[in-house]
Amino acid sequence: MAIEENEFIANRLEKLTGIREMGIAPYPAHTPDRLPIEVLRDTGETEEVLGTSGRIMAKRKHGKTVFCDINDPTGRIQLFINKKNLDEAGWDLLGKLDLGDIIWVSGALFVTRTGELSVRVITLILLAKAVRPMPVVKTDADGEVHDAVSDPDFIYRHRCIDLMLNEDSRKRLASRSRIISAIRNYLDSDGFLEVETPVLQQIYGGAAADPFVSHYNSMDEECYLRIATELYLKRLVAGGIHQVYEIGKDFRNEGVDRTHSPEFTQLELYEAWTDYNGMMRRFEEIVQAAAKAAGTGLVINFGGHEIDLAPPFKRVPFVPALHEKSGENLFEWDVEKLSALAAKLGLGDDIKERPALLDKLFDHYVTPGLIQPSFVVDYPVELSPLAKQKADDPRITERFEAFIAGLELANAFSEQNDPVYQREVLEKQAGSSRHRKGVVDTEFLYALEVGMPPSGGLGIGIDRLVMVLTDASSIRDTILFPHLRREQ
RNA sequence: GGGCCGCUAGCUCAGUUGGCAGAGCAUCUGACUUUUAAUCAGAGGGUCGGGGGUUCAAUCCCCCCGCGGCUCACCA
């Protein structure tokens, strides 16, 4: 199929033909020696002829002199192109260049009358002709940006344009990369092994979510994209891999909103000989390392809140906090009373399960107040099937979720390693939950039966962590290519 | 899935109590040998998201649909 026709594309395709007719290859494979633009800027004025390359971002014609701005990832520099400095072919080529074209130039560096360091171009080579126009964004003397491309739909669908034009997006992408890298460094240097477990699974588990369903032709069987890595990683801990982690995509077939994406990146780590207290320290340290990598201080701004990431983070026990904020002894209430209260608060009138009710009421009463980094600790056992119960109260588990600015960033517990108890819980859940379809992961239970040391486990939503550290209002801003509906 | 808002030129956006569709930038032609949101003179560019309805006349009002945003619901 040919490129869609419009005036702009037709015009550029015509120029492309003209360039070929001049005997110039518009898409050469070879780039002559070049210096990054940043290096030219650091060099300053020099008679030495230097080469560089980049994309044409602005073109100002003044008769026999043309000023262009080109940029590369390291910066932007002005080109001073005068007819007398170029050969005829070079000057003719210039006439067929447009904003967005990628070129190589060489020349000495000088400062113009208006004080702008510029390349006095003596050689001009086309490296890639752009046949599709890109939006033109201008910045004035006051640094004010005009005609910025801000339509989210456009940005998500054409991320290449977004990255070309929007500094914030480039910075966020770099921050994300460095954050993940810093987390790996932190864990690797502390003795953890990074592993890869299956994305394509016959039995999914480790979280309560609907999976994406696929089909494996050669086996003729239904399979699922993973919703968590938990159950595989714990098999490794049982196998003697006592410090292990995975950073990868999980897929949950559920609604999309500002803080949920159907595919998202999660870190899960498991560590033997420690418990959820150890995981709290790990989380605090990972947040420190990530903030350092993102180049923010420990006091950050997110969604209009000033947030202090310095440890230790606040501990908020689930049941007492719920009682304090609600003014009622809700944990002792029965399902009917809880359900009635939830309905009265407009949280939904068809919730009939105690775990869901407690969770919902907690979200209503307590979560919104968790602006500064907080660990909500000691969740009711019904909400935490894979966590170990507290020794002195079997109705409570050694589990925490970490919140920053009301956003859930992490979930962790002292891992349940009692195989008999764990089997009972999973079998009961398989019979009741809409998510489980009556399937129990017996290989996971096999591992517990073989014996798994007391361990702590921690899951961190990487996209959300990036949101917090780059002040992104939507998880989609932290994901380069978020899922969008098909364009009509 | 519900509610609200949006969709107009390549980009950013005006606009019409319903009466030939507008600006800036970009593009094209011309002028200009130190400009920088360059400037000046001229020109072209639109199925006003799609479909249906009301009307002499719809980009505008009504209905359906598509896409997006915010929000609520859902989401261990």
Side-chain angles (χ1 to χ4, degrees), chain A residues 4-12 14-15 57-69 76-85 98-100 110-116 118 120 132-158 161 165 205-210 227-228 230 252-262 264 346-351 353 355-356 358-360 362-363 379-387 397 399 401 408 411 413 429 433-436 459 473-474 476 482 484-488:
Chain A
E4 71 182 279
E5 278 297 321
N6 69 39
E7 176 197 346
F8 300 90
I9 290 176
N11 179 257
R12 283 167 181 247
E14 211 169 287
K15 286 177 178 169
M57 300 303 285
K59 193 177 180 188
R60 296 178 290 280
K61 293 169 65 177
H62 296 264
K64 295 186 173 62
T65 298
V66 176
F67 296 91
C68 290
D69 295 340
R76 175 185 280 241
I77 197 164
Q78 175 170 272
L79 308 181
F80 171 87
I81 308 174
N82 188 290
K83 188 172 184 192
K84 74 177 183 200
N85 296 330
D98 293 298
L99 300 185
F110 76 110
V111 175
T112 63
R113 194 170 65 189
T114 52
E116 179 96 11
S118 306
R120 192 189 304 274
R132 181 183 294 277
M134 61 179 201
V136 177
V137 178
K138 297 193 173 186
T139 307
D140 66 22
D142 300 327
E144 196 168 329
V145 176
H146 298 261
D147 299 337
V149 177
S150 57
D151 175 22
D153 188 48
F154 189 97
I155 283 174
Y156 298 145
R157 289 189 200 276
H158 307 298
I161 299 282
L165 299 180
D210 287 327
I227 58 173
E230 173 148 5
R252 297 187 182 174
N253 204 338
E254 288 167 357
V256 176
D257 66 23
R258 206 170 59 74
T259 61
H260 293 81
S261 170
F264 63 102
L347 302 177
D349 40 18
D350 53 350
I351 312 172
E353 292 164 324
L358 290 172
D359 201 34
K360 184 115 302 223
F362 188 87
D363 271 349
Y379 277 70
V381 66
E382 302 101 312
L383 290 172
S384 316
L386 300 169
T397 56
R399 172 183 172 202
E401 287 191 357
E408 179 195 332
N411 182 22
F413 22 89
Q429 193 184 50
S433 167
R434 74 180 174 91
H435 295 298
R436 285 281 91 85
S473 61
S474 166
R476 288 180 156 188
L484 299 174
R485 266 179 221 279
R486 212 176 291 243
E487 269 184 304
Q488 293 294 300

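Hydrogens, waters and symmetry mates play no part in the numbers below; they use all other heavy atoms, side chains included. Every chain is numbered from 1, with letters handed out A, B, ... down the list of sequences.
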Q: For K61(A), does the NZ atom sit with more than 12 other heavy atoms under 6.0 Å from it, leaving out its own atoms?
A: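 For K61(A), atom NZ is not crowded (no more than 12 foreign heavy atoms under 6.0 Å).
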Q: Taking S118(A) for the side chain and E116(A) for the main chain, is one N or O donor matched with an acceptor at less than 3.5 Å?
A: yes
Q: Please name all residues satisfying side chain to side chain contact (heavy atoms under 4.5 Å, CB included) with D151(A), sequence neighbours left out, ordered by chain then number.
A: D153(A), F154(A)
Q: Nearest to the side chain of R157(A), heavy atoms from C-beta on, is which of G69(B), C67(B), C13(B)?
A: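 The nucleotide sitting nearest to the side chain is C67(B).
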Q: Check for a donor-acceptor pair, side chain of E230(A) on one end and backbone N or O of G205(A) on the other, with a separation under 3.5 Å.
A: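 Side chain of E230(A) to backbone of G205(A): no pair is present.
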Q: Does D142(A) offer a backbone N or O that forms a donor-acceptor pair with the side chain of D140(A) under 3.5 Å?
A: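 Judged by distance alone, yes, a pair lies under 3.5 Å.
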Q: Using the C1' atom as the reference point in each nucleotide, state the distance between C61(B) and G18(B) in Å, no decimals.
A: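 It works out to 8 Å between them.
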Q: Figure out the CG/C1' separation between N11(A) and A26(B), and round it to whole Å.
A: 11 Å
Q: Rounded to the nearest angstrom, tell me the gap between atom CG in L99(A) and atom P in G10(B).
A: 17 Å
Q: Under 4.0 Å, counting only non-hydrogen atoms across every strand here, what does L484(A) touch: a base, just sugar-phosphate, or nothing?
A: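 Sugar-phosphate, backbone atoms only, no base.
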Q: Using the P atom as the point on both nucleotides, what is the distance between G50(B) and A58(B), in whole Å?
A: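 About 15 Å, rounded to a whole number of Å.
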Q: In whole angstroms, how far is the C1' atom of G66(B) from the CZ atom of R485(A)?
A: 9 Å
Q: Determine whether a donor-acceptor pair (one donor, one acceptor, N or O, separation below 3.5 Å) exists between the side chain of E7(A) and the base of G44(B).
A: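 Checked by distance alone, the answer is yes.
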Q: Would you give the length of the straight line joining atom NZ of K138(A) to atom CE of M57(A), rounded to the nearest 0.5 angstrom?
A: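 K138(A) NZ to M57(A) CE: 12.0 Å, rounded to 0.5 Å.
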Q: Pick the C1' atom in C5(B) and in A9(B), then give their distance to the nearest Å.
A: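 Looking at atom C1' only, C5(B) and A9(B) are 24 Å apart.
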Q: Rounded to the nearest Å, what distance is computed from the CD atom of residue E144(A) to the P atom of nucleotide C25(B)?
A: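 One finds 16 Å between P of C25(B) and CD of E144(A), rounded.
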Q: Take nucleotides 29-41 of chain B nucleotide by nucleotide from the 5' end and write B, S or -, depending on whether a protein heavy atom sits under 4.0 Å from the base, only from the sugar-phosphate, or from neither.
A: ---BBBBBBB---
Q: Identify the heavy atoms of T397(A) and P380(A) that sit nearest to each other, and give their distance.
A: OG1-O, 4.2 Å
Q: Give one of base, sugar-phosphate or nothing for R258(A), where a contact means two heavy atoms less than 4.0 Å apart.
A: sugar-phosphate
Q: Over how many whole Å does the gap from E14(A) atom CD to U27(B) atom P extend?
A: 15 Å
Q: I9(A) has an atom CD1; how far is it from atom P of G10(B), in whole Å?
A: 10 Å
Q: Touch check for Y156(A), heavy atoms < 4.0 angstrom, all strands: base, sugar-phosphate only, or nothing?
A: sugar-phosphate
Q: Salt-bridged, D69(A) to R60(A), with N to O below 4.0 Å?
A: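 Salt bridge: yes.
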Q: Atom CZ in R120(A), atom OG1 in T112(A): separation rounded to 0.5 Å?
A: 10.0 Å
Q: Return one dot-bracket line describing RNA chain B 5' to 3' (Watson-Crick or G-U wobble pairs, both distances under 3.5 Å; ( ) same strand, [ ] crossing, | another strand, . none).
A: (((((((..((((.....[..)))).(((((.......))))).....(((((..]....))))))))))))....
Q: Under 4.0 angstrom, heavy atoms only, what part of the nucleic acid is R12(A) near: base, sugar-phosphate, or nothing?
A: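 No contact at all - R12(A) keeps every heavy atom at 4.0 Å or more from the nucleic acid.
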Q: When the C1' atoms of A37(B) and U12(B) are considered, how many whole Å apart are they?
A: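 Those two atoms are separated by 13 Å.
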Q: Is a side-chain donor or acceptor of R399(A) paired with a backbone partner of L383(A) at a separation under 3.5 angstrom?
A: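 Indeed, once roles are kept as given, a pair shorter than 3.5 Å links the two residues.
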Q: Calculate, to the nearest 0.5 Å, the distance between atoms NE2 and OG1 belonging to H146(A) and T139(A) respectively.
A: 7.5 Å
Q: Please report the distance separating the C1' of C32(B) from the corresponding atom of G24(B), rounded so that it comes out in whole Å.
A: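 These two C1' atoms come out 23 Å apart once rounded.
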Q: What distance, rounded to whole Å, do you find between the two P atoms, one in C74(B) and one in C67(B)?
A: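 C74(B) and C67(B) have their P atoms separated by 24 Å.
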Q: Name the residue closer to the 5' end of RNA chain B, choosing between P152(A) and E401(A) according to the nucleotide with the nearest heavy atom.
A: P152(A)
Q: Nearest to the F8(A) side chain among G69(B), G44(B), C74(B), which nucleotide is it?
A: G44(B)
Q: Measure from CD1 on I155(A) to C1' on C11(B) and round the result to the nearest Å.
A: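 The distance from CD1 of I155(A) to C1' of C11(B) comes to 12 Å, rounded to the nearest Å.
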Q: Write down the distance separating the P atoms in C48(B) and U8(B), rounded off to the nearest Å.
A: 11 Å
Q: Of all the choices, C11(B), C70(B), G68(B), which nucleotide is nearest to the side chain of S474(A) once you look at every atom?
A: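 For S474(A), the side-chain atoms sit closest to C70(B).
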Q: Determine the Euclidean distance between corresponding P atoms of U59(B) and G52(B); express it in Å to zero decimal places.
A: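 Taking atom P in both G52(B) and U59(B), they lie 12 Å apart.
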Q: What is the separation between atom CG on D98(A) and atom P on G10(B), rounded to the nearest whole Å?
A: 16 Å
